[in-house]
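One structure below.
Both ligands and their constituent atoms are indexed starting at 1 by order of listing.
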Amino acid sequence: MHDINPDTIYANPLAEVSRFAFDQRVVDVFPDMIKRSVPGYATIINMIGNLAERYVQANSQCYDLGCSLGAATLAMRHRIQAADCKIIGVDNSAAMIARCQQVIAADSGEVPVELVEAQIQDVVLHNASMAVLNFTLQFIPVEERLEMLRSICAGLNPGGVLIISEKVAFDDEPHQHLMTELHHNFKRANGYSDLEIAQKRAAIENYLIPETLDAHRQRLRQAGFNSVDVWFQCFNFASLIAIK
Ligand code: GEK
């Protein structure tokens, strides 16, 4: 329905780079931006569908928290095998939710989808068998992350799963440097200039806060999950599975 518009938001020098916001301008280029910026994004989306097939229970709900344009929602919608399920997509960007409504309406999947414009921190999960935080926790203030994960865990049924994908950091300084460089090479290979890379980096500084994989593992256990570990990683981008 919509063409894929190229992301040129940081292509020209800006006098001042303001904090990144998920506004209409970002919505218009989002599919191109995320594909060219996040190594493994397409694989992760595809595997969310794979995991939905395995974990989603009959008569239960699935939550896509920070759904943007609904890529993970659609991956679940097309692969859920269990009967009488519902998917709830949540995002606090009005522009994202509005475009996502159009994307869902144009999709032929049969599982009902409800989209909610809200802060993830305020959402209470009910009767959930699968929840997805696909590159969203990184935007939640660090001090709010544990309570939010506790609440997500409390809303999951036994055996339910949380998929959490994040940009991650490393304690080892040379390794951190190497992963950052390899990621920037990935972006360069996808057509971003050094100026675009530098300005985007300034825009997300102090907004996208990455943590180490150990910090994620420990906090997920503290939040009540039983089985926690990484299932995908490419450079400083990783995805974890946490099972209740
Ligand atoms: C995908 N999951 O394509 N409450 C609700 N939404 C939020 C909040 C919050 N507190 N903070 C940020 N967001 C998607 C990609 S993008 C990742 C997720 C990225 C929303 C924000 O509006 C945006 O849509 C999304 O989280 C993050 O699989 O752009 O790096």
Side-chain angles (χ1 to χ4, degrees), residues 2 4 7 9-10 19-52 62-79 87-101 103-104 107 113-125 130-145 147-149 151-152 162-168 183 186-187 190 192 197 200-201 203-210 232 234-240:
H2 294 280
I4 300 279
D7 169 22
I9 291 178
Y10 296 104
R19 196 185 91 162
F20 189 80
F22 291 96
D23 55 16
Q24 190 61 53
R25 229 159 50 111
V26 168
V27 167
D28 290 342
V29 300
F30 189 75
D32 181 66
M33 170 186 284
I34 197 149
K35 189 179 75 191
R36 288 164 66 209
S37 305
V38 177
Y41 176 74
T43 302
I44 293 170
I45 290 294
N46 190 18
M47 291 307 147
I48 285 171
N50 188 317
L51 290 161
C62 303
Y63 290 81
D64 183 2
L65 303 168
C67 61
S68 297
L69 302 185
T73 290
L74 292 184
M76 291 191 279
R77 194 184 206 192
H78 292 160
R79 295 287 291 274
I87 304 171
I88 297 158
V90 179
D91 206 289
N92 67 355
S93 157
M96 282 289 185
I97 290 289
R99 176 68 58 85
C100 191
Q101 294 280 12
V103 171
I104 300 300
D107 173 70
V113 175
E114 182 191 344
L115 297 177
V116 183
E117 183 189 330
Q119 293 275 100
I120 302 169
Q121 297 95 312
D122 297 338
V123 172
V124 179
L125 280 65
M130 182 163 180
V132 174
L133 281 166
N134 202 37
F135 301 106
T136 313
L137 188 74
Q138 58 196 16
F139 297 110
I140 304 294
V142 174
E143 65 277 10
E144 294 174 28
R145 293 180 185 181
E147 197 189 322
M148 198 181 100
L149 291 171
S151 162
I152 291 172
L162 168 67
I163 307 303
I164 163 167
S165 311
E166 290 275 291
K167 184 175 190 182
V168 296
H183 176 227
F186 169 87
K187 291 188 75 164
N190 285 331
Y192 283 118
I197 293 170
K200 174 73 177 280
R201 194 178 189 182
I204 59 176
E205 203 175 9
N206 303 323
Y207 178 36
L208 190 170
I209 313 285
F232 177 89
C234 181
F235 309 144
N236 45 351
F237 292 81
S239 189
L240 297 98

Quiz prompt | Minimum heavy-atom distance His183-Asn236, with the two atoms named | solution = CB-OD1, 3.5 Å

Practice problem: Check whether any N or O atom of Thr136, backbone or side chain, sits under 3.5 Å from an N or O atom of ligand 1, and answer yes or no. | Solution: no

Quiz item: Taking the side chain from Thr136 and the backbone from Leu65, do they hold a donor-acceptor pair closer than 3.5 Å?
Solution: yes

Practice problem: For ligand 1, note which part of Met96 has a heavy atom under 4.0 Å away: side chain, backbone, both or neither. | Solution: side chain

Quiz item: Judged by atom type as modelled, is there a donor-acceptor pair below 3.5 Å linking the side chain of Asn190 to the main-chain atoms of Tyr192?
Solution: no

Quiz item: Pick from Leu149, Asp64, Leu240, Ile163: which one makes a side chain to side chain contact (heavy atoms under 4.5 Å, CB included) with Leu133?
Solution: Leu149

Quiz item: What protein heavy atom sits nearest atom 22 (O) of ligand 1, and how far off is it?
Solution: Asp91 OD1, 2.6 Å

Practice problem: Return yes or no for this condition: an N or O of Val90 is under 3.5 Å from an N or O of ligand 1. | Solution: no

Quiz item: Looking only at protein heavy atoms, which one is nearest to atom 10 (N) of ligand 1, and how far off is it?
Solution: Gln121 OE1, 3.1 Å

Quiz item: Should we count CD of Glu147 as having more than 12 external heavy atoms under 6.0 Å?
Solution: no

Quiz item: Got the closest protein heavy atom to atom 4 (N) of ligand 1, with its distance?
Solution: Ile120 N, 3.0 Å

Exercise. Going by the side chain to side chain contact (heavy atoms under 4.5 Å, CB included) test, name the single residue among Leu69, Ile87, Val103 that passes it with Leu74.
Key: Val103

Quiz item: Looking at atom 14 (C) of ligand 1, what's its closest protein heavy atom, distance included?
Solution: Gly66 O, 3.4 Å

Exercise. Inspect the surroundings of CZ in Arg201 and state if more than 12 heavy atoms from other residues, nucleotides or ligands are less than 6.0 Å away.
Key: no

Self-check item: Proximity flag Ile45 to ligand 1, non-hydrogen atoms under 4.0 Å
Solution: yes

Quiz prompt | Shortest protein contact, atom 28 (O) of ligand 1 (heavy atom only) | solution = Asn134 ND2, 2.9 Å

Quiz prompt | Which segment of Ser37 sits under 4.0 Å of ligand 1 when only heavy atoms are counted | solution = neither

Practice problem: Determine the minimum heavy-atom distance between Met130 and Ile48, stating which atoms define it. | Solution: CE-O, 3.6 Å

Quiz item: Taking the side chain from Glu166 and the backbone from Gln138, do they hold a donor-acceptor pair closer than 3.5 Å?
Solution: yes

Quiz prompt | Heavy-atom closest pair, residues Val132 and Leu162 | solution = N-CD1, 4.3 Å

Quiz item: Which bit of Gln138 is near ligand 1, meaning a heavy atom under 4.0 Å away: side chain, backbone, both or neither?
Solution: side chain

Self-check item: Heavy-atom pair of closest approach, residues Arg77 and Ile104
Solution: NH1-O, 3.5 Å

Quiz item: To the nearest 0.1 Å, how far is atom 7 (C) of ligand 1 from its closest protein heavy atom, and which atom is that?
Solution: Asn92 OD1, 3.2 Å

Self-check item: Sub-3.5 Å N/O-N/O distance, Asp64 and ligand 1
Solution: no

Practice problem: Return a yes/no value for Ala72: is any of its N or O atoms, backbone included, closer than 3.5 angstrom to an N or O of ligand 1? | Solution: no

Self-check item: Options Phe30, Phe237, Phe135, Tyr41, ranked by nearest heavy atom to atom 17 (C) of ligand 1, top entry
Solution: Phe135

Quiz item: Quick one: nearest non-hydrogen protein atom to atom 18 (C) of ligand 1, plus distance?
Solution: Ser68 OG, 3.1 Å

Quiz item: Against heavy atoms of Ser93, which atoms of ligand 1 measure under 4.0 Å?
Solution: 22 (O)

Practice problem: If you have a sec, work out which protein heavy atom is nearest atom 19 (C) of ligand 1 and how many Å separate them, to one decimal? | Solution: Phe139 CE1, 3.8 Å

Quiz item: Counting only heavy atoms, which portion of Phe22 has something under 4.0 Å from ligand 1: side chain, backbone, both, or neither?
Solution: side chain

Practice problem: Compare every heavy atom of Gln24 with every heavy atom of Ala95, then report the nearest pair and how far apart it is. | Solution: CB-OE1, 3.6 Å

Practice problem: Check each heavy atom of Ile140 against ligand 1 and say whether those closer than 4.0 Å belong to the side chain, the backbone, both or neither. | Solution: side chain

Exercise. Could you tell me which atoms of ligand 1, counted from 1 in the order shown, lie closer than 4.0 angstrom to a heavy atom of Ala118?
Key: 4 (N), 5 (C)

Practice problem: Give the ring-plane orientation class for Phe22 versus Phe139, where under 30° counts as parallel, over 60° as perpendicular and anything between as tilted. | Solution: perpendicular

